[in-house]
Amino acid sequence: MLAPMAELSHRPLRELIEGFDAPGCGGCDEYFTEMISAGALIGGGPFESFYTDGGPCPEKVVYQLVGADPGHLAAAAALLDRLDCKGIDINMGCSAPAIIRTGAGVRWMADPDRAAAMIARVRSATRRRLSVKLRIGTEDNFDYLVAFCRRLEAEGVDLITLHPRTGKEKFKRRARWEYVGALRSALRIPVAGNGDIAGPEDLARRVASGCCDAVMVGRAAVRTPWLFAAAKKTPDTGVIDLEEVALRFLYLLTKYQPSEFHISRARRFFNYFCDNLKWGTHVKNRLNREETLGGIERVLRGYFNETGDRKPKPPPLS
Ligand SMILES: Cc1cc2nc3c(=O)[nH]c(=O)nc-3n(C[C@H](O)[C@H](O)[C@H](O)COP(=O)(O)O)c2cc1C
């Protein structure tokens with residue numbers, strides 16, 4: 001599954017990922033969207049149609065909602081319920097201070113009663129598969145995590161994705177995958193694991209290990225959007241040309257996103273994608289100074305023309 005990532009898990013990235021696979025194979029099994037503010041969605045913000053664009057494969061899209069108000073979350077879930085999609089996910093893992101301050105993200109995990117009551121309201125608003133993505137919690141306490149997830153399970157959550165770090169850890173320390181298997185043993189509903197998958201071999205190994213019901217990949221799928229196809233050893237993955245991939249992403253961005261989003265989203269994407277390049281840090285710095293997509297395209301074309309650096313580096317070992 002593709003992880004929900006703000007400014008990254010949108011239609012252009014899904015189109016890019018699907019494009020590496022043989023027709024009919026599907027890039028990955030499920031695409032979580034970036035978190036969508038429940039309040040903004042029901043308020044009808046100007047960009048909501050882009051957040052709810054489930055293309056090119058809406059049946060595989062899981063819309064992720066973020067918010068602190070149970071009424072907003074339930075109303076937003078009811079709205080998304082009417083769209084073609086795989087499911088609806090509630091963000092209980094985001095540890096960004098601006099989100100926690102509002103009572104959303106991982107803050108839900110500090111108050112099991114409040115979280116259970118919110119889930120009960122959302123559950124009654126949608127027939128879709130309802131999932132929750134969370135972290136270990138605000139502290140490293142496995143028993144607390146199990147008790148918390150059992151409350152969610154009792155309220156009708158169908159799937160839990162665990163990113164096994166605490167809220168405070170952000171991306172520090174390694175993801176504690178042993179918690180994923182242990183949580184799965186403690187619950188009746190399926191559990192997905194997420195964190196630090198570095199490349200296709202790593203993904204295939206985690207899937208084969210059977211430690212969880214699904215594996216979710218975030219940053220590595222931006223760095224190497226061919227990762228899912230490569231993990232399945234799709235014959236058509238073919239030879240990757242980094243310039244082609246970079247320019248295709250820019251094309252998809254202009255085709256499917258509003259111009260107000262272009263620069264921020266291009267910078268986010270290339271912040272990871274440039275890790276494939278020999279002089280990636282230098283290119284990232286140059287891209288961050290560009291104010292237009294045309295400028296970004298010129299920097300990229302110039303780099304590939306000068307260096308011929310078109311083949312991806314092997315993924316780092318995890
Ligand atoms: C730029 C960025 C944005 C993210 N935005 C979200 C988000 O909107 N919702 C969410 O639940 N997690 C979000 N995450 C966390 C990822 O979904 C995932 O849990 C995390 O990156 C660990 O997986 P990885 O090691 O495969 O990247 C974000 C992560 C990154 C790097």
Side-chain angles (χ1 to χ4, degrees), residues 1-10 13-14 17 28 30-38 40-41 50-52 61-68 73 76 87-100 102 104-109 130-137 157 159-177 179-180 191-207 212 214-225 227-228 231 261 264-275 284 315-318:
M1 308 192 298
L2 177 71
M5 289 174 286
E7 301 193 323
L8 286 167
S9 300
H10 42 45
L13 184 62
R14 290 193 293 273
I17 290 173
C28 67
E30 293 185 20
Y31 293 96
F32 282 57
T33 66
E34 60 187 303
M35 56 182 166
I36 303 172
S37 156
L41 184 64
F50 295 99
Y51 289 110
T52 56
V61 165
V62 179
Y63 290 107
Q64 189 190 65
L65 288 172
V66 67
L73 286 162
I88 296 172
D89 188 74
I90 304 291
N91 181 327
M92 291 195 189
C94 184
S95 58
I99 298 287
I100 294 178
T102 67
V106 76
R107 184 70 185 76
W108 284 108
M109 294 193 74
L130 179 59
S131 57
V132 170
K133 179 166 176 282
L134 39 66
R135 287 180 177 242
I136 294 171
V157 164
L159 164 78
I160 286 179
T161 305
L162 176 63
H163 173 202
R165 288 183 167 101
T166 66
K168 283 182 210 133
E169 283 165 358
K170 310 240 178 231
F171 286 108
K172 288 196 282 274
R173 290 184 62 159
R174 64 172 184 90
R176 306 208 258 306
W177 274 84
Y179 282 41
V180 174
V191 171
N194 161 241
D196 298 347
I197 298 290
E201 291 80 16
D202 213 10
L203 171 58
R205 187 170 54 83
R206 280 284 179 214
V207 170
C212 53
V215 179
M216 178 183 270
V217 187
R219 293 162 297 169
V222 185
R223 203 170 284 133
T224 55
L227 174 143
F228 297 106
F261 287 7
S264 60
R265 276 143 202 263
R267 283 188 187 150
R268 270 280 166 113
F269 175 83
F270 287 110
N271 185 42
Y272 293 99
F273 188 79
C274 285
D275 289 345
K284 277 185 212 179
L317 294 173
S318 64

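Note that ligands are numbered from 1 as they come in the structure, with each ligand's atoms numbered from 1 the same way.
Considering only heavy atoms from C-beta on, N271 stays 4.5 Å or farther from V222 through its side chain. A heavy-atom distance below 4.5 Å is not found between the side chains of R268 and H10. Contact annotation: the side chain of L134 approaches that of L162 to within less than 4.5 Å [non-hydrogen atoms, C-beta and beyond]. R14 has its side chain within reach of T33: a pair of non-hydrogen atoms, C-beta onward, lies under 4.5 Å apart.
With sequence neighbours excluded, the residues that form a side-chain contact (heavy atoms from CB on, under 4.5 Å) with C212 are W177, V180, V215.
Protein residues are said to neighbour a ligand when one of their heavy atoms lies under 4.0 Å from it; for ligand 1 these are A3, P4, M5, A6, L8, M35, Q64, N91, K133, H163, F171, N194, G195, D196, V217, G218, R219, R268, Y272.
Between F270 and F273, the two ring planes are perpendicular [angle over 60°; tilted spans 30° to 60°].
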